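Quick caveat: nothing in here was measured; it's all calculated off a predicted structure.
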Amino acid sequence: MDSTYNHKNHEANIYKLWEESGAFNPDTQKNVNSSKRPFTILLPPPNANASLHAGHAMFVIEDILIRWHRMMGDPTVWIPGTDHAGFETQYVYEKHLSKAGKSRFQFDRQTLYNDIYQFVQDNSGTIFNQLKQLGFSCDWSRATFMLDEKVIKVVYDTFQHMIDDGLIYRDNYIVNYSPKNGTTFSELEVMHVERIDPLYYINIADKGSHTHDLVVATVRPETIFYDEAIAINPNDGRYNDWKDTTEVIFNGPLGSQQMRIIWDDSIDMEFGTGVMKVTPAHDANDFALGRKHNLRVRPLIDFFGKIDLSAFSPNSPTQTERVQKYHGKKVAQVRKLVAADMSADGTIVKVDETYTHNVTVDYKTGGDIEPMVMPNWFVKMKPLAQKGIAAAKNKDVTFVPSRFETQYYQWLENIRDWPISRQIVWGIRIPVWYSINENPHLEVTFLDENHERVIGRVADLLDQYELNTIRAGLQTLRAPVDAVYRVSNECPGDDYLPETDTFDTWFSSGQWPLTTLGFPDSADFKRFFPTQVLDTMWDILFFWVARMIMLSLYRTNTVPFETVYLHSMVTDEKGAKMSKSKGNVINPIDLTEKYGADALRIALIAGSAPGNPIALSENKVKGYRNFANKLWNIARFIVLLSQNEEIRDKSYELRKKLKENSLPLTSYLLPLLPEDQQILNELNTLIETSTSNLEHFRFSDYAQNLYDFIWNRVASDYLESTKGREDKEVVLAVLIHVFSTCLKLLHPVMPFVTEAIWQEWSAAGILETEQLLITISWPNVKLHHQ
RNA sequence: GGGCGGUUAGCUCAGUUGGUUAGAGCGUUACAUUGACAUUGUAAAGGUCAGAGGUUCGACUCCUCUACCGCCCACCA
């Protein structure tokens with residue numbers, strides 16, 4: 001045995017030994033007690049083409065639980081998988097495309113999908129190898145990919161059930177649309193950022209005989225073309241004398257336009273002048289106001305973020321000129337043009353250049369969100385949320401730490417319907433088809449035989465193109481909200497075109513427990529569902545955890561897991577969030593290679609509380625590398641002691657008694673000194689506290705107690721105290737008993753070094769078992785009970 | 001605007017239902033050490049547990065308020 005533990009000489013070999021022993025699979029797990037209830041965890045699937053970051057390393061929590069339960073003889077399985085990560089992956093791929101000077105618009109839907117599939121294939125595999133480097137004992141034979149057949153089958157089946165139950169609907173509803181990325185986002189996927197923009201005061205109507213002009217304050221003068229109304233709070237005394245007027249004629253940039261006056265007490269009297277312009281097609285509040293007051297919804301901005309005035313019919317040459325000036329230009333540009341024009345003719349009476357407000361951007365690229373009214377697929381969430389709330393109130397599912405339960409309720413109680421359609425290719429296509437004969441208003445974008453993009457109504461295009469050409473080159477299809485559709489996995493007939501939207505990635509990952517385990521009738525599903533623990537970071541509590549709970553309840557009436565453990569966010573040593581731009585990203589694989597996986601694992605656990613950040617520093621990992629070496633040397637000391645055959649043989653009998661008998665041992669069984677008796681008693685306490693800490697998800701205490709006991713009590717105190725003793729066989733017996741128990745208790749968090757020592761001991765003839773430590777029985781407390 | 005956390009040693013943080021002298025790692029200082037380990041050992045310094053008030057025999061722990069930091073949700077035409 002070398003005097004220093006070098007993880008590089010052991011980790012890869014040991015991982016191989018574990019895999020070959022069948023320990024990771026409950027069907028081949030050596031110590032399994034089939035009569036016990038299985039213990040199951042599903043690994044939150046990383047993106048298939050991702051590589052490991054510090055957050056993934058926190059899944060060590062799961063490995064600790066898995067290894068502990070496996071040692072207890074439970075049929076134990078930790079099922080890994082990877083996510084297709086819809087938009088995120090497509091975004092990465094598009095960046096890749098644009099580096100090559102290409103764009104997604106040059107490809108038909110199927111080709112683009114195939115290319116991304118290949119891209120993901122080429123870049124996947126890394127993450128699993130990295131998880132193995134950390135020692136994660138997943139059952140790789142059960143790995144699932146989010147686009148596997150079995151996943152799609154379940155997702156389609158759920159969709160069909162939801163249709164049958166009336167939970168799915170299509171609506172022309174205002175959604176968060178990103179012109180930059182060409183897709184819709186749910187409310188969880190957008191953020192609000194503060195920005196300074198000019199606030200324009202536009203005089204809509206002179207006061208005439210009234211007390212006040214009607215002046216609106218807005219940051220969006222460009223939508224004025226299709227503004228339908230101006231709104232005033234009925235309690236606003238300043239405008240009482242306007243109450244008899246139902247509409248005004250505004251002399252706008254495109255000439256005179258009619259605007260209704262509506263009265264609504266949602267209007268903030270404090271803001272601006274208390275008069276607001278209403279744009280039902282491009283603002284969520286205005287849309288709601290419009291529905292309430294029956295206003296027209298006239299879209300003004302197209303899918304590319306450009307002003308679209310093609311529906312406007314000019315009635316004079318001046319107007320035509322004006323329309324041409326604005327039409328087809330980007331929103332930001334038109335805003336400046338309109339503002340300049342209205343300032344020039346005095347319509348804009350004031351500009352506040354320092355107005356600070358929040359604008360909506362998408363979470364990934366920070367691009368502006370344009371609220372748009374477009375047909376989308378929605379899921380009615382109220383009924384699902386009610387089940388989710390009831391399950392938590394009933395403690396069918398509990399949260400660690402419990403404060404997240406409050407957040408969970410808050411979100412579910414205020415839940416909104418879920419727009420599940422995304423206008424991207426990379427994902428599971430919504431299994432819907434439209435007949436071109438039944439739906440004359442279908443619009444398509446496709447590539448013709450010459451790879452030219454064609455946009456238009458199918459009905460009009462059929463004179464010029466074969467339907468097959470359209471189908472083959474199809475990029476996107478837009479069906480009116482009232483289109484007749486058929487739900488089917490396969491194309492239902494010759495005159496059908498497919499829906500081109502895909503499901504929100506969370507719609508499929510929200511069914512992860514069902515899809516991985518093979519709902520509804522596979523053996524694994526019957527055996528392992530519901531699972532026991534779901535461990536993830538708190539940032540996807542709503543995105544993922546809550547939805548898994550709701551969707552599992554919907555399909556099975558059972559929660560998918562009993563405990564939700566929300567682990568720490570890993571930060572840098574100063575407690576700052578890691579980010580590429582700050583340059584403070586710590587790569588867990590680097591640390592693993594330098595100091596060993598065990599050191600990293602325990603560094604992530606010790607001193608962390610669930611839901612709170614954990615600061616990771618190289619020094620901390622280094623400190624625990626020293627601990628691994630300490631373990632190694634305690635083991636080495638014992639090996640050296642046992643090399644005296646006489647001592648070893650004598651100690652053998654004593655050890656048997658130690659193992660077989662309860663404490664306190666009487667002296668006729670074993671001639672123990674008080675310090676022997678004491679360390680043995682303390683060991684029993686340690687077994688109890690370690691087990692209890694794991695039962696209560698107190699991982700930090702679990703790790704630190706062991707660290708403290710082994711380093712201070714075993715090494716510094718007990719071991720030092722024995723150095724002058726003559727009765728070496730007793731010392732050896734006690735040391736082997738105590739330290740081997742410590743190795744078992746420590747194995748879940750530091751699996752490699754403990755297993756490496758186990759092997760060394762086996763070679764040195766100290767152990768009577770051939771069994772690997774990974775499937776050794778978890779220690780029990782043996783005490784005389786008074 | 002609504003909600004949730006945090007504030008404990010120089011730094012990063014634990015502290016399970018209120019119970020003797022408040023803990024760890026790193027850092028600092030001094031000393032020691034050629035036989036398990038320098039990836040070591042021994043010892044020391046260092047805290048009015050953010051502030052104020054309250055409940056209690058007893059409060060880092062429970063309650064109220066204040067200050068600062070952070071997060072989540074909603075959202076400002």
Just the dot-bracket of RNA chain B, please: which string comes out with Watson-Crick or G-U pairs under 3.5 Å, [ ] for crossing, | for another strand? (((((((..((((.....[...)))).(((((.......))))).....(((((..]....))))))))))))....
Is it the case that A:Lys292 places NZ or CZ above or below the six-membered ring of A:Phe287, under 6.0 angstrom from the centre and within 45 degrees of the axis? no
Give a yes-or-no answer on whether the side chains of A:Asn233 and A:Trp263 include a donor-acceptor pair shorter than 3.5 Å. no
Checking contacts here: which listed nucleotide ([options]) is nearest the side-chain heavy atoms of [X]?
{"X": "A:Arg416", "options": "B:G3, B:C75, B:A24", "result": "B:C75"}
{"X": "A:Phe542", "options": "B:C37, B:C72, B:A77", "result": "B:C72"}
{"X": "A:Ser3", "options": "B:G25, B:U40, B:C37", "result": "B:C37"}
{"X": "A:Asp701", "options": "B:A14, B:A36, B:A77", "result": "B:A14"}

Just checking [X]: base, sugar-phosphate only, or nothing, at a heavy-atom cut-off of under 4.0 Å?
{"X": "A:His192", "answer": "base"}
{"X": "A:Gly623", "answer": "nothing"}
{"X": "A:Arg636", "answer": "sugar-phosphate"}
{"X": "A:Val219", "answer": "sugar-phosphate"}
{"X": "A:Glu187", "answer": "sugar-phosphate"}
{"X": "A:Ile614", "answer": "nothing"}
{"X": "A:Arg403", "answer": "sugar-phosphate"}
{"X": "A:Asp283", "answer": "nothing"}
{"X": "A:Asp268", "answer": "base"}
{"X": "A:Thr279", "answer": "nothing"}

Separation of atom [atom1] in [X] from atom [atom2] in [N], rounded to whole Å:
{"X": "A:Phe637", "N": "B:G41", "atom1": "CZ", "atom2": "P", "result": "14 Å"}
{"X": "A:Asn612", "N": "B:C4", "atom1": "CG", "atom2": "C1'", "result": "12 Å"}
{"X": "A:Tyr409", "N": "B:G2", "atom1": "OH", "atom2": "C1'", "result": "19 Å"}
{"X": "A:Leu719", "N": "B:U42", "atom1": "CG", "atom2": "C1'", "result": "16 Å"}
{"X": "A:Lys630", "N": "B:A24", "atom1": "NZ", "atom2": "P", "result": "17 Å"}
{"X": "A:Leu616", "N": "B:C26", "atom1": "CG", "atom2": "C1'", "result": "13 Å"}

Measuring only the P atom in each nucleotide, how far is B:U8 from B:A45? A whole number of Å is fine. 22 Å
With a 4.0 Å limit, can you tell me whether A:His357 has a side-chain N or O closer than that to the phosphate oxygens OP1/OP2 of B:A77? yes
Whether A:Lys620 contacts B:A24 is assessed here as follows: a side-chain N or O lying under 4.0 Å from the phosphate OP1 or OP2. Is that the case? no
Is the shortest distance from a Lys or Arg side-chain nitrogen in A:Glu720 or A:Lys723 to a carboxylate oxygen in the other one below 4.0 Å? yes
Give me each pair satisfying side-chain hydrogen bond (donor to acceptor under 3.5 Å, both in side chains) with a member in residues 635-648 of chain A, each pair once, sequence neighbours excluded. none
State, yes or no, whether a side-chain contact exists between A:Tyr718 and A:Val734 at a heavy-atom distance under 4.5 Å. yes
Which comes earlier along RNA chain B counting from the 5' end, the contact point of A:Val275 or that of A:Asn414, where each point is its nearest nucleotide? A:Asn414
The ring-ring contact (aromatic ring centres under 6.0 Å, His included) partners of A:His567 (sequence neighbours excluded) come to A:Phe59
Take A:Phe699 and A:Tyr565 through the test ring-ring contact (aromatic ring centres under 6.0 Å, His included) and record every step on the way to the result. CA-CA 11 Å; A:Phe699 300 105; A:Tyr565 182 92; 5.3 Å; yes
Let's go through A:Asp676 and A:Arg725 carefully: what are the C-alpha distance in whole Å and the side-chain angles of both, what is the deciding distance for salt bridge (Lys or Arg N to Asp or Glu O under 4.0 Å) to 0.1 Å, and is it a yes or a no? CA-CA 12 Å; A:Asp676 301 325; A:Arg725 280 169 64 170; 2.8 Å; yes
